[in-house]
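Only one structure is covered here, and it is reproduced in the block below.
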Amino acid sequence: MSRRALALLLAGALLPAALVGCGIPGETDVQIDGSVPAAQGGALNGSPARPPEPADSSEPVPFIENYLRAAAAGERDQAYARARKFLAEESRDLLPGKPQTSEVELTVVRLREKPESTPPNNQGTSTVTLKVQQVGVLRADGTLGPPVASDTQYVFELRRAEPAGTGLLITEAPNVLLVSDSAMREYYRPRTVYFWNSDQTRLVPDQRYLLSSAPTERRITEVMKWLADRPSDWLAAGVTGLPDGTQLINNATGTDGHWEINLNMPGANEQRLNRLGTQLAWSLSDLDGVVDLKIQNQKRLTVALRRERVSVVAYPRGANPMRLGVYDGAVRPLAFGNEPRAAVPLPPEENRNVVSAALARAEEQVLAALVVTGADNRKRLKVGSGAEPVATLNASDRTFRAMSRPTWLRSLTKARPGGLVAADGKLYRFDGSGRMSEIALSVSGPVTAVAGSLEGHRVALVSGGALYVAAVSVDGGVVNLGQPRRVATLLTGVTVVDWVAENELVLAGNEADRRSAIHQLSVDGVWETPLAVEIGAPVTQLAGYPGGSDRGLAAFSFMFETDGAAWRNNPFDFVKREQVLDVPAGSRATNPTAPFFLY
């Protein structure tokens with residue numbers, strides 16, 4: 001099949017049924033999953049479903065699937081009671097009830113394949129086997145902590161309930177509150193709260209989960225509790241919490257768009273209250289009313305939520321995005337429809353022998369980082385910044401066998417720009433002059449890819465074929481990372497990753513059948529969606545645009561390279577040679593590679 005024919009086929013792939021992959025030159029098959037793109041991991045439309053009951057199914061597999069929904073299907077303090085309904089009377093000690101010394105936590109798992117069941121034996125019992133991936137532990141503060149269990153399989157034993165014909169009951173089960181990731185999507189809604197970075201210049205997103213049935217006053221109460229408590233463990237190194245001792249005196253009250261929050265807050269001066277008001281406005285981004293902040297019953301600040309979000313941005317979002325790629329060893333613009341386009345902000349003498357690149361805008365400046373290759377085929381980093389076009393790029397004094405695409409850290413000031421790059425299995429920071437220094441990480445395996453978030457205080461990285469996220473901290477101008485948190489994904493042998501939304505990643509690796517694929521994944525791993533499957537060769541470059549759909553691109557836009565050819569989504573299609581602009585006469589005819597976004 002020709003590339004043009006394949007492009008037409010892929011352009012129609014947003015149909016309910018997935019398409020069968022077709023070969024393209026270089027043996028790269030791409031099959032598109034019909035569920036792309038995910039609007040937001042865990043987002044709900046409409047009211048939540050009612051809690052499941054044991055009588056809802058008399059078949060073993062649906063019965064256990066309902067059991068995996070039960071603990072998530074309502075208030076946390078009743079989770080054990082809902083789950084124990086599915087257990088036989090003689091087996092209810094397997095789930096003894098709500099712990100006395102700690103909050104109820106839910107063990108979230110992802111099913112690797114359809115559950116298997118056995119027919120009833122002579123005693124009338126049957127089994128259901130679940131093959132799972134541990135995703136994490138949903139805590140009372142709405143954060144998803146790392147997995148505690150390491151089990152990859154759970155076996156349930158069932159018997160018929162009495163009297164006959166009244167359903168099933170569980171006689172053997174794990175002694176933890178299990179919840180499936182699909183139940184999380186059904187009953188919980190992801191919510192983003194925001195913490196200030198260390199120098200109080202921008203907000204950093206922190207993903208949480210709240211029951212989708214929670215009324216408005218409850219949502220305001222929970223958001224304030226989360227802000228007063230602490231950020232997610234993995235994010236703490238890169239953000240600043242409220243003063244120690246800050247706590248909610250009572251639940252938020254109010255109605256009709258006017259609410260009150262009453263706090264204890266040590267040192268509650270005007271500056272701290274104004275910062276808290278900005279946090280609340282962005283953390284309650286779906287509300288447009290007014291919140292009165294009280295400190296020990298005295299009103300100190302009125303926050304008009306919508307107006308506050310308009311007047312104080314959470315973090316700089318960059319300029320309108322432009323697509324770029326590498327063609328015949330130079331960065332060139334890519335043209336798609338009516339999308340923004342402009343000349344590459346690099347001088348021709350520096351724009352040579354390029355393997356991959358990262359360009360970013362910092363107010364009126366352009367930041368440029370190029371991975372270039374020399375005559376010995378070793379890679380070197382060239383870095384520069386300045387007005388467009390960047391006049392001079394400085395080469396690092398080190399060369400490497402392999403280097404990832406660099407990433408600029410947007411949390412740094414334009415006066416002291418810097419970024420990260422993976423080279424020969426290690427992670428390096430670099431500054432605006434191209435100086436590189438290694439960042440020690442406590443991860444297993446070589447680091448092969450790194451990508452910075454839009455606000456610049458979080459990174460995703462690949463180490464040993466696994467995915468991690470980490471917080472960025474800056475101390476005395478020196479960039480460091482907090483303890484990386486491994487993120488569960490169904491993909492193995494992950495090769496590349498980037499951000500496609502505030503709390504969403506796009507990554508490539510191998511599915512269970514060892515075929516290369518691209519998935520979308522929430523930053524904590526709770527929800528995962530296949531985007532492109534059965535790609536015939538490994539994905540070697542991947543770039544996302546995380547800025548949303550208001551800047552000239554569709555939401556969740558990304559591009560990738562596989563088998564020496566560049567592709568894009570929205571719609572899925574390969575990047576054609578005629579879509580490369582500003583190609584000088586006499587250039588070698590080749591495929592565009594290493595696509596990325598400038599914004």
*Kindly determine whether Thr540 and Glu561 satisfy side-chain hydrogen bond (donor to acceptor under 3.5 Å, both in side chains), including the steps that lead there.*
CA-CA 6 Å; Thr540 47; Glu561 173 195 299; 2.6 Å; yes

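- A salt bridge does not link Glu222 to Arg191: none of the charged nitrogens lies less than 4.0 Å from a carboxylate oxygen.
- A salt bridge between Glu528 and Arg110 is present, with a side-chain N of the basic residue lying under 4.0 Å from a carboxylate O of the acidic one.
- Glu455 places a side-chain N or O within 3.5 Å of a backbone atom of His457 that can act as its donor or acceptor partner.
- Remark: the backbone N or O of Arg458 is paired with a side-chain donor or acceptor of Ser453 at under 3.5 angstrom.
- Between the side chains of Gln541 and Thr593, no donor-acceptor pair is found at a separation under 3.5 Å.
- Remark: the Gln365 side chain and the Ser385 side chain contain no N/O donor-acceptor pair separated by less than 3.5 Å.
- Relative to the six-membered ring of Tyr599, Arg361 misses at least one condition, a distance below 6.0 Å or an angle of at most 45° to the axis.
- The shortest distance between side-chain heavy atoms of Thr143 and Asp233 does not fall below 4.5 Å.
- Here the closest heavy-atom approach between residue Ala369 and residue Leu359 is recorded as N-CD2, 4.2 Å.
- Residues Phe558 and Phe556 are not in side-chain contact: their nearest non-hydrogen atoms beyond the backbone lie 4.5 Å or more apart.
- Not one N or O on the side chain of Trp196 forms a donor-acceptor pair closer than 3.5 Å with the backbone of Arg202.
- In this structure, the separation between OG1 on Thr107 and CG on Leu138 is 10.0 Å, given to the nearest 0.5 Å.
- Taking the side chain as every heavy atom from C-beta outward, Val479 and Val472 approach each other to under 4.5 Å.
- If you take CG on Asn320 and CZ on Arg341, they are separated by 14.0 Å, rounding to the nearest 0.5 Å.
- Under 3.5 Å, the side chains of Asn480 and Arg429 contain a donor-acceptor pair of N or O atoms.
- A side-chain contact (heavy atoms from CB on, under 4.5 Å) with Val459 holds for exactly one of Leu420, Leu427, Thr407; it is Leu420.
- A donor-acceptor distance shorter than 3.5 angstrom exists from the side chain of Ser180 to the backbone of Ala183, with no hydrogens or angles considered.
- Salt bridge status for Arg189 with Asp286: present, with a side-chain N to carboxylate O gap under 4.0 Å.
- Arg485 and Val135 get closest at one heavy-atom pair: NH2-O, 4.2 Å.
- By the 4.0 Å N-to-carboxylate-O rule, Glu363 lies close enough to Lys414 to be salt-bridged with it.
- The minimum heavy-atom distance linking Val291 with Ile261 is given by the pair CG1-CD1, 3.8 Å.
- The backbone N or O of Phe400 lies less than 3.5 Å from no partner atom in the side chain of Asp424, so there is not a single donor-acceptor pair.
- Between Arg435 and Phe430, the closest side-chain pair of non-hydrogen atoms is not below 4.5 Å.
- More than 12 heavy atoms of other residues, nucleotides or ligands sit less than 6.0 Å from atom CG of Asp199.
- Distance alone, capped at 3.5 Å, is enough to place a donor-acceptor pair between the Thr495 side chain and the Val539 backbone.
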*Carefully, step by step, assess Ser150 and Gln134 under the rule side-chain contact (heavy atoms from CB on, under 4.5 Å).*
CA-CA 7 Å; Ser150 58; Gln134 299 288 338; 5.8 Å; no

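- You'll find the side chain of Leu381 stays beyond 4.5 Å of the side chain of Val372, heavy atoms only.
- Between Leu393 and Leu346 the shortest side-chain heavy-atom distance falls below 4.5 Å.
- In this structure, NE2 in His519 is found 7.5 Å from CG in Leu507, a value given to the nearest 0.5 Å.
- If you check the side chains of Thr192 and Asn503, you find a donor sitting under 3.5 Å from an acceptor.
- Considering only heavy atoms from C-beta on, Ser396 stays 4.5 Å or farther from Val383 through its side chain.
- Here the side chain of Asp475 pairs no donor or acceptor atom with the backbone of Val478 at under 3.5 angstrom.
- To the nearest 0.5 Å, atom CD1 of residue Ile535 and atom CD1 of residue Ile518 are 4.0 Å apart.
- Between the CG atom of Leu481 and the OH atom of Tyr468 there is a distance of 13.5 Å, given to the nearest 0.5 Å.
- Residue Arg486 places its CZ atom among 12 or fewer non-hydrogen atoms of other residues, nucleotides or ligands, all under 6.0 Å distant.
- Closest approach of Arg380 to Ala395, counting heavy atoms only: CD-CB, 3.6 Å.
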Let me check something: any side-chain donor-acceptor pairs from residues 308-319 under 3.5 Å, sequence neighbours excluded? List them with distances.
unit_1	atom_1	unit_2	atom_2	d
Glu308	OE2	Thr278	OG1	2.6
Arg309	NH1	Ala281	O	2.9
Arg309	NH1	Leu284	O	3.2
Arg309	NH1	Leu287	O	3.0
Arg309	NH2	Leu287	O	2.8
Arg309	NH2	Asp288	OD1	2.6
Ser311	OG	Arg307	O	3.1
Ser311	OG	Glu308	O	3.2
Tyr315	OH	Glu502	OE2	2.6
Arg317	NH1	Asp550	OD2	3.0
Arg317	NH2	Gly547	O	2.0
Arg317	NH2	Asp550	OD1	3.1

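- In terms of modelled atom types and a separation under 3.5 Å, the side chain of Ser283 and the main chain of Gln279 share a donor-acceptor contact.
- Leu409 places a side-chain heavy atom less than 4.5 Å from the side chain of Leu412.
- The shortest non-hydrogen separation linking Phe572 to Phe560 is CE2-CE2, 4.1 Å.
- When atom types are taken as modelled, the side chain of Thr562 and the backbone of Pro538 share a donor-acceptor pair closer than 3.5 angstrom.
- The CG atom of Asp229 lies 10.5 Å from the OG1 atom of Thr246; values are rounded to the nearest 0.5 Å.
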*Apply ring pair (Phe, Tyr, Trp, His ring centres under 6.0 Å) to Tyr187 and Tyr209, showing your working.*
CA-CA 10 Å; Tyr187 292 103; Tyr209 293 89; over 10 Å; no

_From CA spacing to verdict: side-chain contact (heavy atoms from CB on, under 4.5 Å), Val523, Val487_ = CA-CA 7 Å; Val523 69; Val487 183; over 6 Å; no

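- Salt bridge Asp206/Arg208: present, at least one basic N to carboxylate O contact under 4.0 Å.
- A donor-acceptor contact shorter than 3.5 Å links the side chain of Thr489 to the backbone of Leu491.
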*asked:* I'd like to know whether Leu461 forms a side-chain contact (heavy atoms from CB on, under 4.5 Å) with Leu441, so could you lay out the CA-CA distance, the side-chain angles of the two residues, the decisive distance to 0.1 Å, and finally the verdict.
replied: CA-CA 11 Å; Leu461 57 93; Leu441 291 177; 4.2 Å; yes

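- A salt bridge between Arg230 and Asp141 is present, with a side-chain N of the basic residue lying under 4.0 Å from a carboxylate O of the acidic one.
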_side-chain contact (heavy atoms from CB on, under 4.5 Å) evaluation trace for Val371 with Val354_ = CA-CA 6 Å; Val371 175; Val354 179; over 6 Å; no

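- Nearest heavy-atom pair, Ser442 versus Gln483, reported as atom, atom and distance to 0.1 Å: OG-OE1, 2.8 Å.
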